[in-house]
Amino acid sequence: MKETKKRGKKSKPTVADLLETPSPVVSPAEDSPKSAIFTRAASISKSVKRVTVALGDSTSVPSNITDLKNLASSGVDDLKRRIDRSHSEILKDLEASHSRLHKRFKMQTQACQQVMDEAEKENKKVSERITESREAMMASYEEFMADAKASASRASKSSIAELSQSFEKAINSLRNRYGVSSN
């Protein structure tokens with residue numbers, strides 16, 4: 001840049017000063033900070049490396065406003081292409097991720113359905129066993145009760161008759177012993 005005269009105030013730079021390109025020796029690329037606008041991280045895809053957008057060649061200096069507009073326009077077009085490319089890569093990664101998630105969800109759903117089917121089969125088996133066991137217990141109880149009633153009926157019929165005969169014999173024997181007559 002051309003030096004401006006220092007008088008108490010700083011004068012505004014001219015168009016020629018703005019169009020002048022600084023020499024590459026003055027500002028090395030390693031020391032200058034990278035703007036986040038012109039650089040992007042490669043976290044989107046493993047194959048994409050860190051990219052820095054070059055705004056112009058150091059050999060071609062725009063000589064007028066039209067050249068400057070063309071240079072800015074080509075820079076903007078390049079930036080648009082890079083953004084479109086990045087956008088398409090992001091969409092591709094998003095679709096792949098969605099596909100993987102959909103497959104994983106489908107596999108989990110199938111596994112859950114299989115576990116539910118197995119649990120339902122096991123529940124049916126246990127229910128059938130409980131029903132069979134209950135029916136067997138009912139049949140056994142009914143058989144036991146029938147045997148108990150029959151046994152009680154036989155015991156009461158035979159025991160009462162035998163006891164009655166036994167008492168009559170004992171009474172007759174006492175009568176005979178003491179000489180009491182039966183009326």
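One is the number of the first residue; the rest follow in order along the sequence.
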To the nearest 0.5 Å, atom OG of S88 lies from atom CD1 of I83 at 12.0 Å

Between T109 and Q113, is any pair of side-chain heavy atoms under 4.5 Å apart?
no

Salt bridge or not for D84 and R81, using N-O below 4.0 Å?
no

Given the rule in the side chain to side chain contact (heavy atoms under 4.5 Å, CB included) test, do H98 and L94 qualify, once you have shown the distances and angles that lead to the verdict?
CA-CA 6 Å; H98 177 60; L94 183 66; 5.6 Å; no

What distance do F144 atom CZ and K149 atom NZ have between them, rounded to the nearest 0.5 Å?
11.5 Å

Atom pair NZ (K125) and CD (E122), whose distance is rounded to the nearest 0.5 Å:
5.5 Å

Gap separating the CZ atom of R104 from the CD atom of Q108, nearest 0.5 angstrom
8.5 Å

Would you mind checking if D117 and K121 are paired as a salt bridge, meaning a charged N to carboxylate O distance below 4.0 Å?
no

To the nearest 0.5 Å, what is the distance between CD1 (I130) and CD (E128)?
11.0 Å

Can R134 and T131 be said to form a side chain to side chain contact (heavy atoms under 4.5 Å, CB included), step by step?
CA-CA 5 Å; R134 184 177 57 85; T131 302; 4.2 Å; yes

Given side chains that start at C-beta, do those of S133 and M137 come closer than 4.5 Å, heavy atoms only?
yes

Check whether any side-chain N or O of S97 sits under 3.5 Å from a backbone N or O of D93 as a donor-acceptor pair, and report yes or no.
no

Quick one: does N70's side chain get under 4.5 Å of T66's, heavy atoms only?
yes

Could you check whether E168 and N172, counting side-chain N and O atoms only, form a donor-acceptor pair closer than 3.5 Å?
no

OG-CG distance between S73 and L68, expressed to the nearest 0.5 angstrom:
11.0 Å

